[in-house]
Amino acid sequence: MRTLVFIVLVYVVFQIIFLSSSQCAKLSSNDDNLIEQTCKKTPNYRLCISSLKSDPKSATADVTGLALIMVKVLNTTATRTLIHINSLLHHSPSPKIKKALLSCADMYYNGIITADVPVSIEALTKGDPKFADDSTLDAAKEATLCEEGFSGNSPLTVDNTNVNNVARVTEAIVKLLL
C-alpha cells in the first residue's frame, strides 16, 4: 500500500511541475478559437479553458487531442483525491468515516485511475470515442457515489466535486467526437 501511495505521489508531483511549467505556453488565435468553441459546448467553460490552456499541446491539438488532454487532467485530479483520501486515513478517522474513505479509495478512485482513464485514452487513441464517453461518464458517477457514501458529512466534497466537474467537461468534449 505504501508503495502505491509513493508511486501516486511521485506521479502527482510530476504532473504539477509539468502543468505549472506549461502555463507559459502561448496559443495562436486560431488555436484559441478551437479551444473556446470546444469549451463553450461543455458544462464548465472556465474549467475547460484553464485546463486546456495549461497544456502546451493544446496549441496544435484537434478535438481528439483536447479530449486526451482533459482525460489526463481527470487522471491528475483523481490521483490528487486518492492521495487526499490516504492522508485522511492516516489521521485516525472515526470508523464510519474510515469505512467511507476506504470505499472511495478502493471502489471508486482506484477504478477511475486504473480503468476509466486508461480505457478513455485507448479509445480516443484508436478513434473509438464511444468507450471514452462511457468511461468519462463512469468517472463522474464514481465521484458522486463516493460523496454519497458519507451521508452528508464528507471530508471529500471539494475533491469529489472537482473530479465530477473535470469528468463532465471531458465527457462533453468526447461527445463532440461521436
**Request:** Sort and list the pairs that fulfil disulfide (SG to SG under 2.5 Å) and have at least one residue in residues 147-178, not counting sequence neighbours.
**Result:** none
**Message:** For residues 78-137, which residue pairs pass the disulfide (SG to SG under 2.5 Å) check, not counting sequence neighbours?
**Reply:** Cys104-Cys146
**Message:** My understanding is that only residues two or more places apart in sequence, or in another chain, count here; which of them pass side chain to side chain contact (heavy atoms under 4.5 Å, CB included) with Val63?
**Reply:** Leu34, Thr38, Ile173, Leu176, Leu177
**Item:** Partners passing side-chain hydrogen bond (donor to acceptor under 3.5 Å, both in side chains) against Asp133 (at least two apart in sequence or in another chain)
**Value:** Lys175
**Message:** Applying side chain to side chain contact (heavy atoms under 4.5 Å, CB included), can you list everything that pairs with Ser87, at least two apart in sequence or on another chain?
**Reply:** His91
**Point-to-point distance, once rounded to the nearest 0.5 Å, from CG of Leu89 to CG of Leu102** = 5.0 Å
**Message:** Tell me which pairs pass disulfide (SG to SG under 2.5 Å) where either residue lies in residues 42-74, with sequence neighbours left out.
**Reply:** Cys39-Cys48
**Asked** Got a sec, which residues hit side-chain hydrogen bond (donor to acceptor under 3.5 Å, both in side chains) with Asp134, two or more places apart in sequence or on another chain?
**Response** Lys130
**Request:** Not counting sequence neighbours, which residues clear side-chain hydrogen bond (donor to acceptor under 3.5 Å, both in side chains) with Thr144? List them please.
**Result:** Asn164
**Request:** Can you run down the salt bridge (charged side-chain N to carboxylate O under 4.0 Å, His left out) pairs that involve residues 86-104, sequence neighbours left out, and say none if there aren't any?
**Result:** none
**Set of side chain to side chain contact (heavy atoms under 4.5 Å, CB included) partners for Ala78, sequence neighbours left out** = Tyr109, Ile112, Ile113
**Item:** Within residues 150-159 or reaching into it, pairs that qualify as side-chain hydrogen bond (donor to acceptor under 3.5 Å, both in side chains) - sequence neighbours excluded
**Value:** His84-Asp159, Glu147-Ser154, Glu147-Thr157
**Request:** Only pairs at least two apart or in different chains count here, so list each salt bridge (charged side-chain N to carboxylate O under 4.0 Å, His left out) that has a residue in residues 118-127.
**Result:** Glu122-Lys126
